[in-house]
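Working notes, beginning with the structure itself.
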Amino acid sequence: HEPPAPDSPERLAYIGRLLVGPLIGTFLAVPALALLVWSNRLFTLIPSSILEPLAQSDSALARLAGTLAAEISTPTGLILAITGVLALAYILLEANRSSRVERERLFVAVTLMFFSMLFWAFFEQAGSSVNNFTDRNVDRVFEERVITEAEIGTTLELTLSQEQLGYHNGDELITLNVLDKLRADRQLEVRWLVDAEDVGMGVGGSVIPASTFQSANPIFILLLGLPLSALWLFLGSRGAEPSTPVKFSLGLLQLGMGFAVLWYGATTHDPRGMVSISFLLLGYLLHTTGELCLSPVGLSMITKLSPARLVSTMMGAWFLATSFSSYLSAIIAMFTGVEDHGGGDPGYVPPPIETVMLYGSVFGQIAIAAIAASIVLLALSPLLKRGMHEAA
């Protein structure tokens, strides 16, 4: 039936009927989802006797398989996996019922959804592993001066900051846990006995909070969004604008390069395990340019490639793939966990020298995966471009 006209008295009742279903569904879904998340902490469907050997394996692939199996075997993970399989099966069934042009367009859309899912799974490390790396291993202090050899044997009055991480004040090793405890007790002002290992340690100055660097991405978007849009218009006016698959490939390539920068920064850490802030900012810059290549064309691609009868379904599938990205991102971040290093204290954070390459190795593996995915997608781009049937 046609909806009532905008000025019709029945219009308000019609809108109300449309909203009843979503509102009731949301009201019922929120407690159900909360129950699922809570149940994740209680049990998994695969016995721990099978998962633990995989988690403790020397093989990175075995550990990855064990982690994936453990997550998928939780109630939430299982429901998400089943939902994804059913959604993919429905799309393929509809593709089989469609004309050749519609079918090929749907295959292109599903392929680009997969690569988009990979992109966001890696990109969203910004709020987890990259943020922890920033907190624990990026030198965020603009110190006033450094300790010299002439000060060995003297006692200083100083305010503890990130500059003292990894150093010893007498017998006490300064870690994040120590700093957090002293900060909570408002006892960061300490007497520091200078010894030979303290030469070169920064003193005083200002500290940039790790959370501040979460603003790097939006700042780069504001600075680069318009220039990049102008570049696409310039290339489009000359018939040289990259196709959507190529833009996706460029996004993955730049994301991989950003993680490669973070990996290289970790490998060039100072003796304390700290990394220059410039590597972090360059990494964020490359992540942002990658995002600007891929993100703006995502939903637009879905609406263009989907048959009219499936546009809403395909948009839902796109957001479902985004939820998979967040789930995969959390799994990837698990490999940067350092809690087991504290002799039984679940909140212990080791000194920077012990964590820097834990993050670095994961960033390096992400870089390889993202760059490899970009190469595969670039190789598929001519085939995908033909499958889009832009002239049809």
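- Between the OG1 atom of Thr268 and the CH2 atom of Trp263 there is a distance of 9.5 Å, given to the nearest 0.5 Å.
- At most 12 non-hydrogen atoms from other residues, nucleotides or ligands lie less than 6.0 angstrom from CG of Leu12.
- For residues 265-294, the ring pair (Phe, Tyr, Trp, His ring centres under 6.0 Å) pairs, not counting sequence neighbours, are Phe259-His287, Tyr264-Phe279.
- Nearest heavy atom pair, residue Ser161 against residue Leu179, reads O-CD1, 3.6 Å.
- A donor-acceptor contact shorter than 3.5 Å is absent between the side chain of Gln187 and the backbone of Lys181.
- Side chain of Arg183 to main chain of Leu188: no donor-acceptor pair is present (N/O by atom type, distance under 3.5 Å, no hydrogens or angles).
- When side chains are defined from C-beta on, Ile366 does not count as touching Leu255, because their heavy atoms never get closer than 4.5 Å.
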Please lay out, stage by stage, how Glu124 and Ser326 fare under the test side-chain hydrogen bond (donor to acceptor under 3.5 Å, both in side chains). CA-CA 7 Å; Glu124 289 174 7; Ser326 298; 3.1 Å; yes

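- Here the CD atom belonging to Gln162 is positioned 7.5 Å from the CG atom belonging to Asp135, to the nearest 0.5 angstrom.
- One hydrophobic cluster holds both Val311 and Val110 under the rule that ILVMFWY side chains link at heavy-atom gaps under 4.5 Å.
- Linking Ile, Leu, Val, Met, Phe, Trp and Tyr residues whenever their side-chain heavy atoms come within less than 4.5 Å leaves Val190 and Val141 in two separate clusters.
- Side chain of Gln164 to backbone of Gly202: a donor-acceptor contact under 3.5 angstrom is found.
- Side chains of Phe363 and Val261 form no contact here, defined as non-hydrogen atoms less than 4.5 Å apart.
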Given Arg105 and Glu102, is the salt bridge (charged side-chain N to carboxylate O under 4.0 Å, His left out) satisfied, shown in steps? CA-CA 5 Å; Arg105 283 175 170 173; Glu102 290 180 342; over 6 Å; no

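- Around the CZ atom of Arg309, the shell of radius 6.0 Å holds more than 12 heavy atoms that belong to other residues, nucleotides or ligands.
- Within the 4.5 Å cutoff, the side chain of Ile147 has heavy atoms near those of the Val203 side chain.
- Annotation: the span from Thr244 atom OG1 to Leu294 atom CG amounts to 10.0 Å, rounded to 0.5 Å.
- The shortest heavy-atom contact between Asn169 and Leu193 is OD1-N, 3.5 Å.
- Here the side chain of Ser323 pairs a donor or acceptor atom with the backbone of Leu320 at under 3.5 angstrom.
- Val246 and Val297 fall into different hydrophobic clusters, where Ile, Leu, Val, Met, Phe, Trp and Tyr residues are linked whenever their side-chain heavy atoms come under 4.5 Å apart, directly or through other members.
- Between the side chain of Thr83 and the backbone N or O of Ile79 there is at least one donor-acceptor pair closer than 3.5 Å.
- Asn137 contributes a side-chain N or O that, together with a main-chain N or O of Pro352, makes up a donor-acceptor pair within less than 3.5 Å.
- Cluster annotation: Phe319 and Trp120 are assigned to the same hydrophobic cluster (Ile/Leu/Val/Met/Phe/Trp/Tyr, side-chain heavy-atom contacts under 4.5 Å, transitive).
- With contacts defined as side-chain heavy-atom distances shorter than 4.5 Å, the pair Phe335/Leu358 does not qualify.
- Rounded to the nearest 0.5 Å, atoms CG (Leu224) and CD1 (Ile219) are 11.5 Å apart.
- Residue Thr313 holds its OG1 atom at 8.0 Å from CD1 of Ile91, rounded to the nearest 0.5 Å.
- Shortest non-hydrogen contact noted between Leu377 and Leu252 is CD2-CD1, 4.3 Å.
- Applying the 6.0 Å contact sphere to CG of Leu226 captures no more than 12 heavy atoms from other residues, nucleotides or ligands.
- Around the CE atom of Met257, the shell of radius 6.0 Å holds no more than 12 heavy atoms that belong to other residues, nucleotides or ligands.
- Looking only at side-chain heavy atoms (C-beta outward), Met274 and Val356 stay at 4.5 Å or farther from each other.
- Side chain of Ser116 to main chain of Leu112: no donor-acceptor pair is present (N/O by atom type, distance under 3.5 Å, no hydrogens or angles).
- Taking CG of Leu158 as the reference point, atom OG1 of Thr155 lies at 10.5 Å (rounded to 0.5 Å).
- Side-chain contact check for Leu262 versus Tyr359: every heavy-atom pair is 4.5 Å or farther apart.
- Residues Arg136 and Leu165 approach most closely at O-CD1, 4.4 Å, considering heavy atoms.
- Of all the heavy atoms in Ala109 and Met314, the pair that sits closest is CB-CE, 3.8 Å.
- For the pair Glu163 (side chain) and Glu143 (backbone), a donor-acceptor distance under 3.5 Å is absent.
- A donor and an acceptor atom, one from each side chain of Glu291 and Ser295, are nowhere located under 3.5 Å apart.
- Listed here is the closest heavy atom pair of Val275 and Ala266: CG2-CA, 3.9 Å.
- With Gln254 contributing its side chain and Thr288 its backbone, the two residues share no donor-acceptor pair below 3.5 Å.
- Here salt bridge (charged side-chain N to carboxylate O under 4.0 Å, His left out) pairs that include residues 190-208, with residues two or more places apart or in two chains, are Glu157-Arg191.
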Test side-chain contact (heavy atoms from CB on, under 4.5 Å) applied to Leu228 and Thr289, step by step: CA-CA 9 Å; Leu228 198 59; Thr289 55; 5.8 Å; no

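- Grouping the Ile, Leu, Val, Met, Phe, Trp and Tyr side chains by contacts below 4.5 angstrom, directly or via other members, places Leu378 apart from Phe248.
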